[in-house]
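These notes concern the structure reproduced below.
What you are looking at is a predicted structure, and each value in this text was computed from that prediction instead of being measured. Residues: numbered from 1 along the sequence shown.
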Amino acid sequence: MEKQIYKVTVDYSKPVEGLVKEGKYDWVNPNITSTNFPSKERGKRKVGITLVGFGKDVTSEEAIKQLSKGRLRPATLKELLSLGTQHPDLQRKDWIVALGPTWRDSFGYVYVPYLRGVWCFRGLYLYWWRGDWPSRWRFAAVKLDSKTLKPLDYK
């Protein structure tokens, strides 16, 4: 399992729309809104977002299971958006998915947000929860304190 850690300041009190605007994406899926991805998180925190690559195709369930073995949980949408804003070139190297937040459309399909980019273009997309994730994808995750199960502050 390949891991890279990036320091990110997340303002959980900001609405999704504000974080999207700060990210200056060239394209954003119109379904990525505060209404579709509600959050009860508040405050500001510095967290370490770990990008995990498994080196093979994995399902969403397998990825979450492997992350939890390392005391990691999938990143939230606000954490993913903060990563995209503060480290904008990462998504040009690897496509980065956050399996924590999900949105179900009117047909019952479940989607998760991800960052993708090529050359000078950066986008924020949704992808099906089901199916295999190709080995080139990276999963954004946050380390948890083993006692409180809250994200560890990144110093």
Tell me whether Asp11 contacts the main-chain N or O of Lys44 through its side chain, where contact means a donor paired with an acceptor under 3.5 Å. no

Close side-chain approach of Phe37 to Thr76, heavy-atom, < 4.5 Å: no

Least distance between heavy atoms, Asp57 atom then Ser135 atom: OD1-N, 3.0 Å

Donor-acceptor check, side chain of Arg71 to backbone of Val142, threshold 3.5 angstrom: yes or no? no

Quick one: does any side-chain atom of Gln86 pair with a main-chain N or O of Thr9 as donor and acceptor, under 3.5 Å? yes

salt_bridge(Glu79, Arg73) N-O dist < 4.0 Å: yes

Could you tell me the separation between the CG atom of Leu51 and the NZ atom of Lys93, rounded to the nearest 0.5 Å? 8.5 Å

Value for CG (Leu83) from NZ (Lys7), rounded to nearest 0.5 Å, stands at 14.5 Å

Has Arg130 got more than 12 heavy atoms of other residues, nucleotides or ligands less than 6.0 Å from its CZ? no

Qualifying ring pair (Phe, Tyr, Trp, His ring centres under 6.0 Å) pairs with a residue from residues 64-98, counting only residues at least two apart or across chains: Tyr6-His87, Trp95-Trp137

Is any side-chain heavy atom of Gln4 less than 4.5 Å from a side-chain heavy atom of Thr50? no

Looking at CG of Asn31 and CG of Asn29, how far apart are the two atoms once the value is rounded to the nearest 0.5 Å? 4.5 Å

For side chain to side chain contact (heavy atoms under 4.5 Å, CB included), just list the numbers for Lys14 and Lys78, CA-CA rounded to whole Å, side-chain angles, deciding distance to a tenth of an Å, and then say yes or no. CA-CA 8 Å; Lys14 286 187 179 179; Lys78 290 181 179 185; 5.8 Å; no

Looking at every non-hydrogen atom in both residues, tell me the closest pair between Ala98 and Ala75 and how far apart they are. CB-O, 3.4 Å

Does a donor on one side chain sit under 3.5 Å from an acceptor on the other, for Glu17 and Ser34? yes

Taking side-chain contact (heavy atoms from CB on, under 4.5 Å) as the criterion, tell me which of Leu19, Leu81, Asp26 meets it with Leu124. Leu81

Run through Trp129, Trp128, Tyr127 and flag the one making a side-chain hydrogen bond (donor to acceptor under 3.5 Å, both in side chains) with Tyr111. Trp128

Would you check if the side chain of Asp105 reaches a backbone N or O of Phe107 as a donor-acceptor pair within less than 3.5 Å? yes

Tell me which donor-acceptor pairs under 3.5 Å the side chains of residues 112-120 have, and how far apart each pair is, sequence neighbours excluded?
residue, atom, partner, partner atom, Å
Tyr114, OH, Arg116, NH1, 3.4
Arg116, NH2, Tyr125, OH, 3.3

For Thr59 and Trp133, which heavy atoms make the closest approach, and how far apart are they? C-CD1, 3.9 Å

Please identify each residue that fulfils ring pair (Phe, Tyr, Trp, His ring centres under 6.0 Å) with Phe121, with sequence neighbours left out. none

Considering non-hydrogen atoms only, spot the tightest contact between Ile5 and Gly48 and give its length. CG2-CA, 4.0 Å

Take Leu72 and Phe139, measure what side chain to side chain contact (heavy atoms under 4.5 Å, CB included) needs, and give me the verdict at the end. CA-CA 11 Å; Leu72 295 165; Phe139 297 85; over 6 Å; no

Closest approach of Ser39 and Glu41, non-hydrogen atoms and distance? OG-OE1, 3.0 Å

Nearest 0.5 Å, what's the OG1-CZ distance between Thr85 and Arg122? 7.0 Å

Between Val20 and Val28, is any pair of side-chain heavy atoms under 4.5 Å apart? yes

Rounded to the nearest 0.5 Å, what separation is found between the CD atom of Glu62 and the CD1 atom of Ile64? 11.0 Å

Could you state the interatomic distance from CD1 (Ile96) to CG (Leu80), rounded to the nearest 0.5 Å? 7.0 Å

